[in-house]
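We number each residue from 1, following the sequence as shown. The figures here come from the full heavy-atom set of this structure, side chains too, leaving out hydrogens, waters and symmetry mates.
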Amino acid sequence: QVQLVESGGGLVQPGGSLRLSCKVSGSLVRLNDMGWHRQVPGTTERELVARVSSDGIVTSGVPGQGRFAISRDNAKKEVYLEMNKLTPDDAGVYYCSAEIRAHWGRASQRYWGQGTQVIVSS
């Protein structure tokens, strides 16, 4: 069974940095794009922060432009989000997602992690 597990969230002071990690576990056929989305408290939308394709092409969303960097390690099946110069507006629950083909003969589908909370406060 495919699972995504995030880590690295927490409380950070304004101007600080955090590094989020997400590991994919379980048997799979192909791991396509991996990415990070953010959900702000009081909303249901998960907005794209960034995603990276299996061959390294990055698509960035609005949150964190110029301050956040996404990367992945295909051998480890992990994706990372380096967040710098954090402000209170960056707070929220950050979800890892990945498009995965889990079984031969079945289409790929998107899987989600459980989310990791980021709080930016002094």
Side-chain angles (χ1 to χ4, degrees):
Q1 182 176 357
V2 173
Q3 287 188 320
L4 278 63
V5 179
E6 301 107 332
S7 61
L11 172 65
V12 63
Q13 292 187 342
S17 299
L18 280 177
R19 185 176 191 248
L20 307 183
S21 300
C22 172
K23 183 172 181 62
V24 176
S25 64
S27 176
L28 56 91
V29 174
R30 180 173 173 82
L31 179 58
N32 296 319
D33 70 79
M34 305 178 77
W36 292 93
H37 293 71
R38 182 185 70 176
Q39 185 171 348
V40 175
T43 69
T44 58
E45 179 188 359
R46 293 182 182 179
E47 56 183 336
L48 174 70
V49 177
R51 64 173 175 260
V52 55
S53 69
S54 58
D55 53 2
I57 297 173
V58 174
T59 301
S60 297
V62 173
Q65 280 192 351
R67 297 181 294 116
F68 294 0
I70 190 170
S71 60
R72 65 187 281 171
D73 186 324
N74 289 331
K76 294 182 178 180
K77 294 186 289 185
E78 294 184 358
V79 64
Y80 313 100
L81 185 68
E82 189 76 36
M83 303 188 293
N84 299 308
K85 299 179 181 179
L86 286 159
T87 75
D89 288 342
D90 296 318
V93 180
Y94 284 71
Y95 293 90
C96 171
S97 78
E99 185 182 85
I100 294 170
R101 187 181 181 189
H103 304 283
W104 290 106
R106 296 186 185 179
S108 298
Q109 65 181 80
R110 185 157 299 278
Y111 290 79
W112 293 87
Q114 81 286 354
T116 184
Q117 188 161 20
V118 171
I119 302 170
V120 185
S121 176
S122 55

### Query
Going by atom types only, do Asp33 and Ser53 share a side-chain donor-acceptor pair under 3.5 Å?
no
### Message
Under a 3.5 Å cutoff, is there a donor and acceptor pairing between the side chains of Tyr80 and Glu78?
### Response
yes
### Message
With clusters defined by side-chain heavy atoms of hydrophobic residues (ILVMFWY) lying less than 4.5 Å apart, directly or transitively, does Val58 cluster with Val79?
### Response
yes
### Query
Linking I/L/V/M/F/W/Y whenever any side-chain heavy atoms sit under 4.5 Å apart, do Leu31 and Val2 land together?
yes
Of the non-hydrogen atoms in [X] and [Y], which two are nearest, and what is the gap between them?
| X | Y | result |
| --- | --- | --- |
| Phe68 | Pro63 | CD2-O, 4.0 Å |
| Asp89 | Arg38 | O-NH1, 2.8 Å |
| Ser54 | Arg30 | OG-NH2, 3.3 Å |
| Glu6 | Gln114 | OE1-OE1, 2.8 Å |
| Gly113 | Tyr95 | O-CD2, 3.6 Å |
| Ala102 | Tyr111 | CB-OH, 3.6 Å |

### Message
Walk me through whether Leu81 and Val49 qualify under side-chain contact (heavy atoms from CB on, under 4.5 Å).
### Response
CA-CA 9 Å; Leu81 185 68; Val49 177; 4.0 Å; yes
### Val118 vs Met83, side-chain contact (heavy atoms from CB on, under 4.5 Å): CA-CA, chis, key distance, verdict
CA-CA 10 Å; Val118 171; Met83 303 188 293; 3.9 Å; yes
#### Entry: Option passing side chain to side chain donor-acceptor pair (under 3.5 Å) with Asn32 (candidates Glu99, Arg51, Arg110)
Glu99
#### Entry: Euclidean distance, Thr116 OG1 relative to Tyr94 OH, rounded to 0.5 Å
10.5 Å
### Gap between atom CG of Leu4 and atom OG of Ser25 - 0.5 Å precision
7.5 Å
### Query
When you look at Gln13 and Leu86, which way does the side-chain contact (heavy atoms from CB on, under 4.5 Å) test go after all the steps?
CA-CA 8 Å; Gln13 292 187 342; Leu86 286 159; over 6 Å; no
### Message
Using side-chain heavy atoms (C-beta onward) and a distance below 4.5 Å, is Ser21 in contact with Arg19?
### Response
yes
### Task
Side-chain contact test, heavy atoms from C-beta onward, threshold under 4.5 Å: evaluate it for Ser121 versus Leu11 and give yes or no.
yes
### Task
Please report the C-alpha distance between Trp36 and Ser97 in whole Å, then the side-chain angles of each, then the deciding distance to 0.1 Å, and finally whether the side-chain contact (heavy atoms from CB on, under 4.5 Å) criterion is met.
CA-CA 6 Å; Trp36 292 93; Ser97 78; over 6 Å; no
### Query
Does a side-chain N-to-carboxylate-O contact under 4.0 Å join Asp90 and Lys85?
no
